[in-house]
There are 2 protein chains.
Amino acid sequence: MDRRITKKGDDDASGKERPTLKTLAFMTGLGVTTVSRALKDAPEIGAETRRRVQLVAKQIGYRPNRAGVRLRTGKTNVISLVLNTEHELMSFVSDIIYGVTEVIADTPYHLIVTPYSRSQDPLDPVRYLVETGSADGVIISRTQPNDPRARYMLERGIPFATHGRTDMGLVHPYHDFDNYAFAAEAVRYLAGRGRNRLALVTPPVGLTYHGHTVAGFADALSEVGASEVPFNTVSIDQSIEQIRMRTAQLMRRKDRPDGFVSSAAAATLAIVAGIEDAGLKLGRDVDVVSKQSSELLHLFRRELLVVNENFRLAGSELARAVLGWIGGADPGTLQSLSTPSEVLPYRG
Amino acid sequence: MDRRITKKGDDDASGKERPTLKTLAFMTGLGVTTVSRALKDAPEIGAETRRRVQLVAKQIGYRPNRAGVRLRTGKTNVISLVLNTEHELMSFVSDIIYGVTEVIADTPYHLIVTPYSRSQDPLDPVRYLVETGSADGVIISRTQPNDPRARYMLERGIPFATHGRTDMGLVHPYHDFDNYAFAAEAVRYLAGRGRNRLALVTPPVGLTYHGHTVAGFADALSEVGASEVPFNTVSIDQSIEQIRMRTAQLMRRKDRPDGFVSSAAAATLAIVAGIEDAGLKLGRDVDVVSKQSSELLHLFRRELLVVNENFRLAGSELARAVLGWIGGADPGTLQSLSTPSEVLPYRG
DNA sequence: TTGGCAATCTGTAACGTTTCAGTATATTGA
DNA sequence: TCAATATACTGAAACGTTACAGATTGCCAA
């Protein structure tokens, strides 16, 4: 046995170091190239050799070195989730992350979270990712009808999926919740309870689902013959205090609404607080239909009427979509729309 | 101008490709080595050369290739946040992520989220990270007094920080909320309101802060001469329905508590629901002091008494701690404890 | 027998970076 | 003047992987 002190032996396959292709090559007596190809089931490798290599690889727990692969091929095995650090709903963040990780769990992919803040152009983080080649695929939220990020990534040919749809005549993977249906159903439900002066707490202006929600609300209003009490000064991006104050103001007017449709649970808490600040009672003076992503609103007030939106599902669908695109699928087939549950009153 | 068709010119520094050290070397007329050293302010590079290289690098927007660095040096520039996909509080996830990203924003670090589920050994994801060398630093939560993950990483010499303390006589960076103080203050406050039969809704059994909370609760009880109503069947890891049901059961007994201390906001919602299920009224029949991480509990019931825990701060502190350790600081100096706010009643 | 060809396998180069071991030039001391 | 030394720079090798362009073998048709 020759022992090398300073230099790491060319042919060492011993001890503690993480195994590489070279280790495998030495152990099997094959060339590095052959091992590499055998591991990825290349056709020009003999069936027995392939099995042998794969067996040894499994035995010693070989895992390809990510840096090596990435340097050579450009493939990062990374999916990036781009998040706004000020405006995302907090349940959104955790659920969507879990949804994504669920899907990529048995793939070589890692999930990196790329944040951006209010002050930044939302395009910044995306540009960074693309320019530095930091990810094979990107997931973005807060999608706009004419979304520069989607356009940018489409131009550069980097796979992505959007939470929410765009409206630019360009085709790309997305997952969306049917907010049109949500708003429309909410209105119909309220009308069914005799409410006919309705206010809408909208999603952030500028995002695509704002438009969907407003349209669903408006269409159903005219369908059931109810009328809208304008409440445009409020959207779910605002602070709890703002929403609460504005709601209280609104509810003290005599032309106040007798029903609300709210696009987010946190806003709903504020709405209810505002209603009660004005001395009115939920369920008697006014009904509120709200979206929620966790089952907490009914604990808050049983009189609330809720519709569930599943962000974990959204995360999974988005991850599946990006992976699909990376895998070469047609982007047009990687689009999904999630149908709202019916409006649910408190059940015993 | 010679144009090479198939091969990429050895000396090309033209068009669209991302600039590398080679590009910079060509542009400055220096060797690749010199450029590399000049960019990292090595002493043996002439002052003018250094400035020149750095200027050009900035001009053309050079960014080191992560794969190249990682392959050569083993440095990943990645921090991994290890999360349990079933039991983490949802506000915890989003806030801690934002806290971490805030700190690493102007560093070369990326944040990757490494999940593990109920069925898995919590050591699994950590072992994976260490074995594959996927991160320079790790942040873990749900810390236990004798935590195999901390021990493992300490043995392997990989920098990490824990959310919550361990109790193994080993020193490592952590950030923790002073749950002993929280529980004790809560008890004192309740006693001040004349409540003297108190129940504790504990953190998950087995985690370090369970012990801290229980101890703070017990010590303050004897200090103020109040007594504990055992409620050991419930912890904040359980489902909303479970907690609610158990609470209702408890509150129907005649030896029921007149005060609760709750370690998490979601559990508190269930506690209150259970109290009301039993026909009792918050603030009259019973008081509840609860930790919360977002300011929502007072919207839920004004009678609630809250103490704020800032997870975003925790995320920042943890990130700072890991980066500090990576940077060579003494782990013993990278520990922080966050003091609870006082108990806050609803303020107008 | 020979040429051709399929089936398997292999060495070399390259991705972008840093480190090692220099080299070239100027400067110093005697 | 010469050697020693400091200063400023450089090429080659290596990290682990994959793609390219062969190389070797055996078999079969002619």
Side-chain angles (χ1 to χ4, degrees), chain A residues 4 6-13 17-53 57 60-77 108 131-134, chain B residues 4 6-13 17-53 57 60-77 108 131-134:
Chain A
R4 328 228 182 167
T6 47
K7 295 188 181 179
K8 183 177 157 189
D10 216 359
D11 43 321
D12 90 311
E17 301 296 318
R18 194 148 90 92
T20 69
L21 287 181
K22 196 149 74 174
T23 320
L24 283 178
F26 178 70
M27 293 180 76
T28 55
L30 296 164
V32 171
T33 304
T34 309
V35 172
S36 171
R37 317 214 66 187
L39 288 176
K40 41 178 57 68
D41 285 322
E44 65 268 50
I45 302 297
E48 195 202 309
T49 306
R50 187 174 21 235
R51 273 199 308 274
R52 197 157 61 89
V53 170
I60 66 174
Y62 167 77
R63 294 166 186 271
N65 178 302
R66 310 192 118 233
V69 175
R70 181 164 170 176
L71 181 57
R72 178 65 236 246
T73 65
K75 179 133 214 275
T76 61
N77 285 310
E131 281 175 0
T132 61
S134 289
Chain B
R4 328 227 180 167
T6 47
K7 293 188 181 180
K8 182 176 159 187
D10 218 0
D11 44 322
D12 89 312
E17 302 296 319
R18 193 148 92 92
T20 69
L21 288 181
K22 196 149 72 176
T23 320
L24 283 178
F26 178 71
M27 294 180 76
T28 55
L30 296 163
V32 170
T33 304
T34 310
V35 172
S36 171
R37 316 212 68 185
L39 288 176
K40 41 177 59 67
D41 284 321
E44 64 268 50
I45 301 297
E48 195 203 309
T49 307
R50 185 172 24 235
R51 274 199 309 274
R52 198 158 60 89
V53 170
I60 66 174
Y62 167 76
R63 292 165 186 272
N65 178 302
R66 311 191 117 232
V69 175
R70 180 164 173 177
L71 181 58
R72 179 62 235 245
T73 65
K75 179 132 215 280
T76 61
N77 285 310
E131 281 175 0
T132 61
S134 288

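Values in this document were obtained by computation on a predicted structure and should not be read as measured data. Chain identifiers are assigned alphabetically (A, B, ...) following the order of the sequence lines, protein sequences preceding nucleic acid strands; residue numbering begins at 1 within each chain.
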Checklist entry - Is there a side-chain contact between Asn65(B) and Leu71(A), using heavy atoms and a 4.5 Å cut-off? => result yes

Checklist entry - So what does Thr33(B) hit on the nucleic acid, given a heavy-atom distance under 4.0 Å: a base, only sugar-phosphate, or nothing? => result base

Checklist outcome for this item: Bend of the helix from dT1(C)-dA30(D) to dA30(C)-dT1(D) from end-axis comparison, five pairs per end, nearest 10°, comes to 60°

Next on the checklist: If the condition is side chain to side chain contact (heavy atoms under 4.5 Å, CB included), which residues does Thr73(B) pass it with, not counting sequence neighbours?
Outcome noted: Val69(B), Lys75(B)

Item to check | Rounded distance (Å) that lies between atom C1' of dT18(D) and atom CG of Leu24(A) | outcome: 15 Å

Checklist entry - Can you tell me if the side-chain N/O atoms of Ser36(B) get under 4.0 Å from OP1 or OP2 in dT17(C)? => result no

Checklist outcome for this item: Separation of dA24(C) atom P from Leu30(B) atom CG, nearest Å, is 18 Å

Checklist entry - Looking only at heavy atoms, what is the nearest atom pair of Ala25(A) and Val35(A), with distance? => result CA-CG2, 3.7 Å

Next on the checklist: From CZ of Arg63(A) over to P of dT17(D), roughly how many Å is that when rounded to an integer?
Outcome noted: 13 Å

Checklist outcome for this item: Those residues at least two apart in sequence (or on a different chain) that pass salt bridge (charged side-chain N to carboxylate O under 4.0 Å, His left out) with Arg66(B) are none

Item to check | Nearest atoms (heavy-atom pairs only) where Leu21(B) meets Tyr62(B) | outcome: CD2-OH, 3.5 Å

Checklist entry - What pairs meet the side-chain hydrogen bond (donor to acceptor under 3.5 Å, both in side chains) rule with one or both residues in residues 31-40 of chain A, with sequence neighbours excluded? => result Arg37(A)-Glu44(A)

Next on the checklist: Closest approach to the side chain of Thr20(B), judged atom by atom: which nucleotide of dG16(C), dC9(C), dC15(D) is it?
Outcome noted: dG16(C)

Next on the checklist: Tell me the interatomic distance from Leu21(B), atom CG, to dA12(D), atom C1', rounded to whole angstroms.
Outcome noted: 15 Å

Checklist entry - Within this structure, what is the CD-to-P distance between Glu17(A) and dC15(D), rounded to whole angstrom? => result 10 Å

Checklist entry - Looking at residues 40-50 of chain B, who's got a heavy atom less than 4.0 Å off DNA chain D? => result Glu44(B), Ile45(B), Gly46(B), Thr49(B)

Checklist entry - If every non-hydrogen atom of Ala57(A) is compared with every non-hydrogen atom of Leu39(A), which pair is closest and at what distance? => result CB-CD2, 3.8 Å

Item to check | Integer-rounded Å distance: dG22(C) P and Arg37(B) CZ | outcome: 16 Å

Item to check | For Pro19(B) against Gly61(B), the heavy-atom pair lying closest together | outcome: CG-O, 4.2 Å

Checklist entry - Is the closest side-chain heavy-atom distance between Leu30(A) and Arg52(A) below 4.5 Å? => result yes

Next on the checklist: Could you tell me how far apart Asn77(B) (CG) and dG16(C) (P) are, to the nearest whole angstrom?
Outcome noted: 18 Å

Checklist entry - If you look at every heavy atom in Arg50(A) and Ala38(A), which pair is closest and at what distance? => result CG-O, 3.5 Å

Checklist outcome for this item: Taking every heavy atom of Ala67(A) against every heavy atom of Arg70(B), the minimum-distance pair comes out as CB-CG, 3.6 Å

Checklist entry - Among residues 64-76 of chain B, which contact DNA chain D at a heavy-atom distance under 4.0 Å? => result Leu71(B), Arg72(B)

Next on the checklist: Taking any heavy-atom pair under 4.0 Å as a contact, classify Thr34(B): base, sugar-phosphate, or nothing.
Outcome noted: base

